[in-house]
**Student:** 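Below is one structure. I have some questions about it.
A quick note: this is a predicted structure, and the numbers were derived from the prediction, not measured. Below, chain A is the first sequence line, B the second, and so on; all start at residue 1.
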Amino acid sequence: MREVAIIGAGMAKWGELWEKSLRDIFVESALLAIDDAGVDKIDSMYIGCMSSGLFVGQEHLASLLTDYLGLGPVPATRVESACASGGAAVRAGFIEVASGISDIVLVGGIEKMLDVSGDGATFALATAADQEYEVFNGVTFPGLYAMMAVAHMEKYGTTRKQLAHVAVKNHHNGSMNPLSQFPQKITIEDVISSVMVADPLRILDCSPITDGAAALILCPVELAKKICKKPVIKIIGSGHSTDTIALHSREILCELGSTQRAAEKAYKMANKKPEDIQLAEVHDCFTIAEICVIEALGFVEKGKGGKATEDGLTALGGKIPVNTSGGLKSKGHPVGATGVAQVVEIAKQLRGEAGKRQVQNARVGLTQNMGGSGGSSLVHIMEVL
Amino acid sequence: MSSPRNWREMPQRYRLEAAKCKVCGKIFFPPRLICSACQAREFEKIKLSREGKLITYTVIRVGPSQFVDQVPYAIGIVELKEGVKVLTQITDCELDKLSTGIKVKLEFRKIQEDGAAGIICYGYKCVPA
Ligand SMILES: [Zn+2]
């Protein structure tokens with residue numbers, strides 16, 4: 001297996017991009033990655049996208065986007081794993097470069113979610129849950145995560161305020177990210193007095209609906225050392241696992257088995273332990289998710305995620321800053337793009353290009369991207385050479 | 001809801017038909033073709049009991065389009081006597097008096113309908129026992 005490097009990372013502003021089409025949103029970020037890498041050709045392309053069919057009525061995305069990217073008729077494949085589509089695309093690109101099949105691979109992620117109504121978006125997102133035995137009965141994604149939150153609060157005594165701390169921290173970080181959809185700082189009071197969506201989760205516990213894209217350029221480390229003018233970022237670990245699609249089929253409702261197993265694989269490949277990770281971008285689709293994820297990644301013991309967040313362990317300046325980009329919560333969550341954007345943030349951080357939210361002397365970072373209520377998870381670990 | 005799908009799912013929704021692995025005894029709802037615990041492929045058809053307890057729950061305040069008329073409504077995960085868990089609405093209850101651990105039973109109820117002339121879908125909802 002060849003060693004794989006990230007030599008380009010690109011992301012344009014996320015938000016309600018009414019004036020831009022899906023294809024232009026993708027090409028804008030892809031060109032930023034290509035220019036960042038300084039390459040003039042790519043050998044192949046993977047696109048993470050959850051549901052362009054339901055959001056904009058467009059399938060056959062890989063062909064469309066390759067056409068508009070204008071770099072020739074390269075092989076291109078769309079990868080779907082619900083909200084983990086981006087992470088799955090990163091892994092597909094990693095495997096293709098590692099295998100020797102291609103040298104320069106573009107990994108993109110895209111979702112255009114705001115062309116449909118709120119109802120339309122709820123319907124499209126709900127397809128990531130079990131249609132026949134969850135969605136049929138009227139549950140929503142906030143509802144599924146709310147039931148995980150109730151289970152976590154009962155089992156470990158996690159508090160309403162601790163959930164709010166996740167949102168406050170991530171909006172604070174996002175306020176320093178010019179690409180964030182919602183860069184506003186918020187307070188604990190704002191969160192716990194916002195509109196109830198699914199008890200105990202309120203609107204400020206939920207990530208927003210977003211239009212956006214992100215892109216990376218991958219190549220073998222040997223080639224990167226020759227052509228890359230910036231610090232070379234190496235992907236040292238890649239882990240992927242699945243779990244039951246239905247939340248109710250799991251033994252323990254507040255544990256993310258897929259994340260734990262994906263992390264174990266990534267740590268093993270990278271020869272790293274949780275203590276070696278200096279910063280992480282994780283899937284905070286809801287505040288409770290970040291708490292369960294930092295436990296599954298082994299950053300804290302099971303049940304201590306809420307307390308650790310409240311104590312500032314995961315804040316900028318804390319022991320392991322989590323979601324320096326603002327996370328899904330503040331930066332936005334165009335579902336297929338999220339897993340790619342997480343790697344963009346870690347690459348910028350490890351190169352020292354993260355501006356006001358820079359983590360000093362960061363050398364090893366991790367990303368965790370998750371589909372549905374945890375039915376799929378991808379974990380990647382990156383190190384700067 | 002397409003009518004083939006509605007028809008196909010009736011044994012589970014109306015009668016709670018499940019499959020019990022003939023080798024290890026694990027029960028699956030809905031039935032499946034291979035046991036995820038021991039990989040055996042022979043099952044016995046059983047009907048689940050309608051009694052269980054509430055493991056976790058929430059109150060949906062913002063609902064999907066087929067359920068907007070019903071908000072706010074409670075949803076929970078119920079563990080049935082056989083150890084099988086199902087996700088279901090909790091009905092005939094006071095929303096602010098719900099708590100985990102309460103005993104519930106599953107009843108046959110209307111779940112959703114496709115407008116005035118569309119299919120009416122029935123299934124199970126739980127009520128405090
Ligand atoms: Zn079995």
**Student:** More than 12 non-hydrogen atoms from neighbouring residues, nucleotides or ligands closer than 6.0 Å to CD on E107(B), yes or no?
**Tutor:** yes
**Student:** Knowing that exactly one of D199(A), T140(A), V195(A) qualifies, which makes a side chain to side chain contact (heavy atoms under 4.5 Å, CB included) with R61(B)?
**Tutor:** D199(A)
**Student:** Which residue out of M148(A), E134(A), Q131(A), H248(A) racks up the most heavy-atom pairs below 4.5 Å with chain B?
**Tutor:** H248(A)
**Student:** Testing the basics here: between F67(B) and V135(A), what is the closest heavy-atom pair and its distance to 0.1 Å?
**Tutor:** CE1-O, 4.1 Å
**Student:** I need the M147(A) CE to L54(B) CG distance, nearest 0.5 Å.
**Tutor:** 9.5 Å
**Student:** With side chains defined as the heavy atoms from C-beta onward, is the minimum distance between M196(A) and V59(B) less than 4.5 Å?
**Tutor:** no
**Student:** Counting only heavy atoms not in R41(B), do more than 12 sit closer than 6.0 Å to its CZ atom?
**Tutor:** no
**Student:** Is it the backbone or the side chain of E154(A) that comes under 4.5 Å from a heavy atom of chain B, or both, or neither?
**Tutor:** side chain
**Student:** Using the six-membered ring of F136(A), assess whether NZ or CZ of R13(B) lies under 6.0 Å from its centre and within 45 degrees of the ring axis.
**Tutor:** yes
**Student:** Considering non-hydrogen atoms only, spot the tightest contact between A151(A) and T56(B) and give its length.
**Tutor:** N-OG1, 3.8 Å
**Student:** Kindly check if the number of other-residue, nucleotide or ligand heavy atoms within 6.0 Å of CZ (F28(B)) is above 12?
**Tutor:** yes
**Student:** Please determine whether the number of non-hydrogen atoms from other residues, nucleotides or ligands lying under 6.0 Å from atom CD of E59(A) exceeds 12.
**Tutor:** yes
**Student:** Is it true that a side-chain atom of N137(A) and a backbone atom of I75(B) form a donor plus acceptor pair closer than 3.5 Å?
**Tutor:** no
**Student:** What closest approach, in Å, do A198(A) and I60(B) show between heavy atoms, and which atom pair accounts for it?
**Tutor:** CB-CD1, 4.4 Å
**Student:** Nearest 0.5 Å please: distance from the NZ atom of K85(B) over to the CD atom of E251(A).
**Tutor:** 5.5 Å
**Student:** Measure the spacing between OH of Y133(A) and CD of E9(B) and express it to the nearest 0.5 Å.
**Tutor:** 5.5 Å
**Student:** Ignoring hydrogens and geometry, is there a side-chain-to-backbone donor-acceptor pair from Q66(B) to G138(A) under 3.5 Å?
**Tutor:** no
**Student:** Taking side chain as everything from C-beta outward and backbone as N, CA, C, O, which of these in L201(A) sits under 4.5 Å from a heavy atom of chain B? Side chain, backbone, both or neither.
**Tutor:** neither
**Student:** Starting at CZ of R250(A), measure out to CD1 of I77(B) and round the result to the nearest 0.5 Å.
**Tutor:** 9.0 Å
